[in-house]
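The sequence lines fix the lettering, A, B, ..., with proteins before strands; numbering per chain opens at 1.
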Number of protein chains: 2
Amino acid sequence: MSDLTSIVKAPQDDAPAHEPAPCAQTRQGAVTAALRQMILGGEITAGSRIGEAEMARRLGVSRTPVRLALTALEREGLLTALPRRGFRVRRFRLKDILDAFDVRGTLEGMLCRLLAEDIPDTARLDELEQAIADGEKIIARMPPGIGQARQWFASNDRFHHLLLDAAANRPLAEALHANNRLPLVVVGAVTCNLDQPELAAELMAAANKEHRNILDAVSRGQAGRAEALMREHVYQSRESLRRLLGDPARCRRHPGLPGWQLISPENES
Amino acid sequence: MSDLTSIVKAPQDDAPAHEPAPCAQTRQGAVTAALRQMILGGEITAGSRIGEAEMARRLGVSRTPVRLALTALEREGLLTALPRRGFRVRRFRLKDILDAFDVRGTLEGMLCRLLAEDIPDTARLDELEQAIADGEKIIARMPPGIGQARQWFASNDRFHHLLLDAAANRPLAEALHANNRLPLVVVGAVTCNLDQPELAAELMAAANKEHRNILDAVSRGQAGRAEALMREHVYQSRESLRRLLGDPARCRRHPGLPGWQLISPENES
DNA sequence: TCGCGATATTTTGTATGCAAAATGCCCAAA
DNA sequence: TTTGGGCATTTTGCATACAAAATATCGCGA
């Protein structure tokens with residue numbers, strides 16, 4: 001990770017990224033991605049100050065793309081800007097993450113309410129049904145390895161994104177995306193309980209069942225039910241994550257849980 | 001507006017800015033503020049491409065701060081990034097703005113629900129009461145001139161911000177701030193109906209009454225009522241704005257309504 | 001006249017130099 | 001020993017130079 005030239009030439013494709021992939025056609029994108037990974041992976045200690053010159057040296061590029069990347073990550077919420085002294089890796093309290101789940105639940109609940117009040121056309125409903133079916137098929141091949149978990153997570157992600165697309169509500173989509181940028185809000189605990197495969201399978205099956213109920217409510221125009229179900233669905237993820245983060249020892253066993261090291265026990269932000 | 005040196009030396013203070021003032025201790029901040037004002041004021045035609053070199057010449061600074069400012073405004077939602085061709089001034093459909101009001105209503109509704117479920121201490125409730133009382137005092141000095149309207153808007157703003165502070169929910173606060181950055185979402189139609197003073201007075205009085213009801217619900221722990229009242233409160237603003245934008249001729253009479261020129265009738269975004 | 005390709009121009013991306021601001025350090029004085 | 005001021009160092013902010021990419025322009029040929 002000391003020289004970025006290689007990264008520029010061969011952008012990482014391990015992040016399918018529903019968004020139009022802001023990464024790595026340019027050095028700036030590569031630096032941003034590299035820094036993000038270093039922060040989420042704990043390679044840079046949370047709370048430490050980060051200088052552009054130091055990072056430029058460390059990555060083998062000039063200060064210009066580093067500066068751009070740092071401001072980008074600040075807007076992403078991973079860094080906080082010090083007045084005139086560069087940036088610092090942001091530390092989150094557990095409460096912040098849980099609160100972000102509440103925001104997500106509220107917004108996705110709103111999303112389902114809107115959809116139920118203006119039922120999507122059959123094609124979209126079929127796509128949603130398909131995403132659910134895919135998830136079930138993956139679950140049927142349990143117990144899950146890390147690969148299965150990733151596949152299921154992809155189908156889960158597809159379901160949520162299909163809902164969002166169906167609403168065609170740009171401010172809502174942007175609010176959700178911004179909120180979900182916080183670490184751990186999307187890559188919840190569900191996919192990372194692999195040390196307890198039966199629990200993981202249970203969680204995934206339950207989530208899939210909830211998806212089916214949500215889709216049912218939406219397709220019947222049951223706005224209140226759809227909203228409540230989605231809120232509860234997200235709340236279950238929230239509680240699942242809370243249990244996982246409850247004992248940090250389990251986190252340490254999951255390198256696939258990026259960002260958990262940014263959570264400070266109960267101190268200041 | 002052709003040379004920014006003066007702006008840097010003497011930062012504008014016409015924007016009290018609850019936030020820690022992201023402006024103008026540095027050139028970058030000054031450029032950002034200037035560009036934002038130019039865009040919102042219609043000085044730069046909506047939909048037009050914006051090059052950093054051109055802007056740098058126009059503002060009399062180098063490309064470096066301009067580039068930073070452009071990316072900042074992109075994150076703010078006023079610009080959209082073209083792949084490798086700089087930026088373009090974003091055009092909003094009326095639907096986007098109305099949708100943003102829906103998001104705001106949902107989030108502020110959530111905020112009130114949370115507050116009612118964990119009632120703030122007396123000091124905070126008193127501050128809220130004070131903000132409402134201030135608003136009423138201003139309304140009593142009707143009919144409103146532009147100055148009165150600004151004063152009332154300040155008290156209105158203070159009320160909403162006090163609620164947000166009381167919740168101490170950072171993700172919620174950030175989601176709201178990001179959403180409200182869209183033009184016209186905060187500076188709603190209420191304060192800009194000055195061509196019909198009696199209507200403006202009516203709207204302000206109604207809004208203040210709603211504030212009082214909301215605070216009552218919150219302080220009594222009536223979560224559902226508080227949430228519903230706040231949603232409706234925002235919905236009234238939304239409809240008010242919709243009526244105002246219904247005939248663009250009225251907008252043109254209100255130079256205090258920044259950003260209305262970014263709304264494209266019913267075309268593509 | 002139209003299409004196509006080569007060249008010229010514009011524009012972004014990156015690196016680096018310089019100045020100002022802030023921090024940290026050291027020494028002197030109380 | 002502690003405190004305060006001045007100096008050195010670090011670090012950011014800005015400008016500019018250069019290279020690469022994309023676009024626009026022009027001319028040539030069919």
Side-chain angles (χ1 to χ4, degrees), chain A residues 1-11 20-35 44-45 47-75 78-90, chain B residues 1-11 20-35 44 47-75 79-90:
Chain A
M1 186 65 58
S2 64
D3 196 338
L4 266 190
T5 323
S6 52
I7 294 183
V8 177
K9 295 293 171 70
C23 336
Q25 196 116 0
T26 168
R27 265 187 165 77
Q28 175 196 145
V31 171
T32 307
L35 276 177
I44 304 177
T45 42
S48 67
R49 210 176 69 81
I50 225 174
E52 47 184 71
E54 176 200 341
M55 265 308 143
R57 279 193 308 270
R58 197 159 155 186
L59 295 176
V61 298
S62 86
R63 283 170 42 211
T64 309
V66 172
R67 164 183 288 250
L68 275 293
L70 288 176
T71 70
L73 289 176
E74 186 220 344
R75 297 192 206 295
L78 288 182
L79 301 176
T80 62
L82 308 179
R84 247 193 204 275
R85 292 294 291 161
F87 301 86
R88 146 169 309 165
V89 180
R90 181 168 161 195
Chain B
M1 186 67 55
S2 62
D3 195 337
L4 267 188
T5 322
S6 53
I7 294 183
V8 177
K9 297 292 172 72
C23 332
Q25 195 117 1
T26 169
R27 267 186 164 78
Q28 176 196 143
V31 171
T32 307
L35 275 178
I44 305 178
S48 68
R49 206 175 74 80
I50 225 174
E52 43 185 75
E54 175 201 342
M55 263 311 142
R57 281 194 306 271
R58 197 158 156 187
L59 295 177
V61 298
S62 87
R63 283 171 44 212
T64 308
V66 172
R67 165 182 289 253
L68 273 295
L70 288 176
T71 70
L73 290 175
E74 186 218 345
R75 299 272 173 188
L79 300 176
T80 63
L82 307 179
R84 253 188 200 276
R85 292 293 291 161
F87 300 86
R88 146 170 308 164
V89 180
R90 182 169 159 195

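To the nearest angstrom, C1' of dG13(D) lies 8 Å from CD of Glu52(A). Residue Arg85(B) contributes atom CZ, which lies 10 Å from atom C1' of dA21(D) at whole-angstrom precision. Taking atom CZ on Phe87(B) and atom P on dT11(C), their separation rounds to 15 Å, with Å as the unit. Taking atom CZ of residue Arg27(B) and atom P of nucleotide dT12(D), one finds them 19 Å apart after rounding to whole Å. Between the CZ atom of Arg57(B) and the C1' atom of dT11(C) there is a distance of 10 Å, given to the nearest Å. The separation between Leu70(A) atom CG and dT11(D) atom C1' is 13 Å, rounded to whole Å. In this structure, CG of Leu59(B) is placed 19 Å from P of dG13(D), rounded to the nearest angstrom. Put simply, CD on Gln25(A) is 17 Å from P on dT12(C), counting in whole angstrom units.
One finds no side-chain N or O of Arg63(A) lying less than 4.0 angstrom from the OP1 or OP2 phosphate oxygen of dT12(D). Distances shorter than 4.0 Å separate some side-chain N or O of Thr26(A) from OP1 or OP2 on dT14(C). Distances shorter than 4.0 Å separate none of the side-chain N or O atoms of Arg67(A) from OP1 or OP2 on dG13(C). In terms of phosphate contacts, Arg49(B) brings a side-chain nitrogen or oxygen within less than 4.0 Å of OP1 or OP2 of dT12(C). In terms of phosphate contacts, Ser62(B) brings a side-chain nitrogen or oxygen within less than 4.0 Å of OP1 or OP2 of dA15(D).
Comparing Arg84(A) and Thr64(A), the nucleotide of DNA chain C nearest to each residue sits closer to the 5' end for Thr64(A).
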Would you be so kind as to tabulate the donor-acceptor pairs closer than 3.5 Å made by side chains of residues 63-71 of chain A, with sequence neighbours excluded?
residue, atom, partner, partner atom, Å
Arg63(A), NE, Glu52(A), OE2, 3.0
Arg63(A), NH2, Glu52(A), OE2, 3.0
Thr71(A), OG1, Leu68(A), O, 2.9

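Counting heavy atoms from C-beta outward, Thr80(A) and Arg88(A) have side chains that approach closer than 4.5 Å. Under the 4.5 Å side-chain criterion, counting only non-hydrogen atoms from C-beta, Phe87(A) is in contact with Glu74(A).
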task = Could you walk me through whether Thr32(A) and Arg27(A) pass the side-chain contact (heavy atoms from CB on, under 4.5 Å) test, one step at a time?
result = CA-CA 8 Å; Thr32(A) 307; Arg27(A) 265 187 165 77; over 6 Å; no
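No contact: Glu54(B) has no heavy atom under 4.0 Å from any strand.
Note that the CG atom of Leu35(A) and the CG atom of Leu78(A) stand 10.0 Å from one another [nearest 0.5 Å].
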